[in-house]
Amino acid sequence: MLDPKLLRYAPEVVADGMRRRHTVIDLDVLTTLEERRRAALSRVETLKAERNAVSQQIAALKKRKEDAGGHITAMRRVGEEIKRLDEEASGIEVEFTELLMAIPNIPDAGVPDGEGAADNVVVRAWGEPTTFDFSAKPHWELGAALGLLDFERAARIAQARFSLLWGAGAALERALMNFFLNLHTREHGYTEVWPPFVVAPESLRASGQLPKFEEDLFRLREGLYPAPTSEVQLTNLHRDEILDGATLPRYYTAYSPCFRAEAGAAGQESRGLIRQHQFDKVEMYKFTTPETAMDELESLVADAEAVLQRLGLPYRVVLLCAGDMGFSAVKTYDLEVWMPGMGKYVEISSCSNCGDFQARRGGIRFRREPGGKPELLHTLNGSGLAIGRTWAAIAENYQQADGTIRVPEVLQAAMGMDVMK
RNA sequence: GGAGGGGUGGCCGAGUGGUUGAAGGCGGCGGUCUUGAAAACCGUUUCCCGAUUUCAUCGGGACGGGGGUUCGAAUCCCUCCCCCUCCGCCA
């Protein structure tokens, strides 16, 4: 959520941010509502001040056993007026907050202009795109031929867009989860978290999925939602808390399955494991002070890159343009892994600095020093990495002429094999 | 799922309709004393919103959340959430 004070004191900053995002909002409606909110508040507060004062007089009179009937009759009318104005004020407040909650974050000045993926900027690449002296196959063909990947039975058990892994295929998924978590906890300083996999609507509001993106989510009958990413759980780890500034930055990492309904998204470009209703992911998350957040974003990206480097997977780092960024982000880098079978780079990690956007929604604050004033902290999140897509990248990059798949060296001990065949 | 009990400040814990943002204690912070420390003693110690001559003052709000009763609610009523105990069920 944006700072409401921005609307009042720097509406042009909001307008410019929305322009850069190619998001159309009616700023006037919002600023008008904000003014009405304050006007209603000051009216009702004046009356409440009167009521409080007279109530004390009544108490004093009663203590002395004197008559307070006149005051009580007068206050009865004031009370009715307060009730009416209170309802009006809270109605405006709710309307204002709902509108504000649907407005995306303002892009950082360092984010390039642009409308969509085509305008993103490649900032660096690692490794050469893998080439073969035979014709490379996509991972879904490799996986199906080796009996590792089974979409037909997954659809029977659940529905289209779910996947089923067999044998070494399942073991690879499990080995990747362990490898990622071990790397981040043992070498990158993250604390491991095993969260609930379903979340309450309030949690989704704090991280930014609600109220605007309900159609992307599954929902349980109980009103809970299977989490679309553990960014949600990690954001809410400290919701409504005031952290000791001396404990920042805090680094957390969590595995979770992720569930996305994505009703609108059906397309040919998302075959295989690339876009599923359920996928596994290890997420990295940081709570930081405002002044260190941008540096922390760089090191977050480096932590995700380390995973790809150890797996020997060629990738490039892309700085997203303003029009392509997610709702809550101030600045985002995507890591795109090379998929020789598909013949293109595919997003495998997205690392964002969300500034104070989620912190304001979730009431996540810190004190610089004991007794200091609470301030909103900054939050960052990044995939480290998407496991299904890593599975696919390994299959495509480590495939051999006979259709078997070599196991990356760092996974061989955990897998107990060096070739999947 | 059934029955019962309970949710008050960083923590413990008083408070059942009228200066109670909330006794007392612990913890924290500052001070006195002390060579130093401890003890003792004194003081201090929440957050949000709004206004203004904006770091200071004033006003409003918050005792799990929301709603109601009332001139007035931490205190009474309704509802939801959470925690505890016992029973049932269960990986």
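- RNA chain B lies under 4.0 Å from at least one heavy atom of each of the following residues of residues 73-93 of chain A: M75(A), R76(A), K83(A).
- Nucleotides rC11(B) and rC47(B) are separated by 13 Å at their P atoms, to the nearest Å.
- Nucleotide rG72(B) holds its P atom 12 Å from the CG atom of L47(A), rounded to whole Å.
- Nucleotides rC12(B) and rG1(B) place their C1' atoms 34 Å apart, quoted to the nearest Å.
- Ring geometry for Y285(A) versus F287(A): interplanar angle of 30 to 60°, hence tilted.
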Show, in sequence, the C-alpha distance, side-chain angles and deciding distance for Q358(A) and S207(A), and conclude whether the side-chain hydrogen bond (donor to acceptor under 3.5 Å, both in side chains) test is met. CA-CA 5 Å; Q358(A) 293 178 323; S207(A) 47; 5.2 Å; no

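- A salt bridge does not link R37(A) with E95(A): every distance from a Lys NZ or Arg NE/NH1/NH2 to an Asp or Glu carboxylate oxygen is 4.0 Å or more.
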Mark up nucleotides 49-63 of chain B, 5' to 3', with B wherever a protein heavy atom is under 4.0 angstrom from a base atom, S wherever such an atom reaches only the sugar-phosphate, and - elsewhere. SSS-------BSS--

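- Side chain of R389(A) to backbone of L273(A): no donor-acceptor contact under 3.5 angstrom is found.
- N236(A) places none of its side-chain heavy atoms less than 4.5 Å from the side chain of V199(A).
- For the residue pair K331(A) / S352(A), no side-chain donor-acceptor distance below 3.5 Å is found, with atom types taken as modelled.
- Between the side chain of S383(A) and the backbone N or O of S350(A), at least one donor-acceptor pair lies under 3.5 Å.
- A donor-acceptor pair under 3.5 Å links the side-chain atoms of R21(A) to the main chain of G326(A), judged by distance alone.
- Of the charged side-chain nitrogens involved, none lies within less than 4.0 Å of a carboxylate oxygen, so that R365(A) and E375(A) do not count as a salt-bridged pair.
- The same atom, C1', is picked in rG7(B) and in rC80(B); the two are 14 Å apart, to the nearest Å.
- Comparing the same atom, P, in rG36(B) and in rC58(B) gives a spacing of 40 Å after rounding to whole Å.
- Between K48(A) and E81(A) there is no salt bridge, since none of the side-chain N atoms of the basic residue sits less than 4.0 Å from a carboxylate O of the acidic one.
- Against RNA chain B, the stretch residues 192-201 of chain A makes no heavy-atom approach under 4.0 Å.
- Within 4.0 Å (heavy atoms only), R367(A) reaches sugar-phosphate atoms of the nucleic acid but no base atom.
- Remark: the separation of the P atoms in rG68(B) and rA73(B) is 12 Å, to the nearest Å.
- One C1' atom belongs to rU70(B), the other to rU52(B), and the distance between them is 34 Å to the nearest Å.
- A gap of 8 Å separates the C1' atoms of rG27(B) and rG10(B), to the nearest Å.
- For the 3.5 Å distance criterion, the side chains of D303(A) and Y251(A) fail to qualify, holding no donor opposite an acceptor.
- Taking atom C1' on both rG17(B) and rC63(B), the two are 15 Å apart, rounded to the nearest angstrom.
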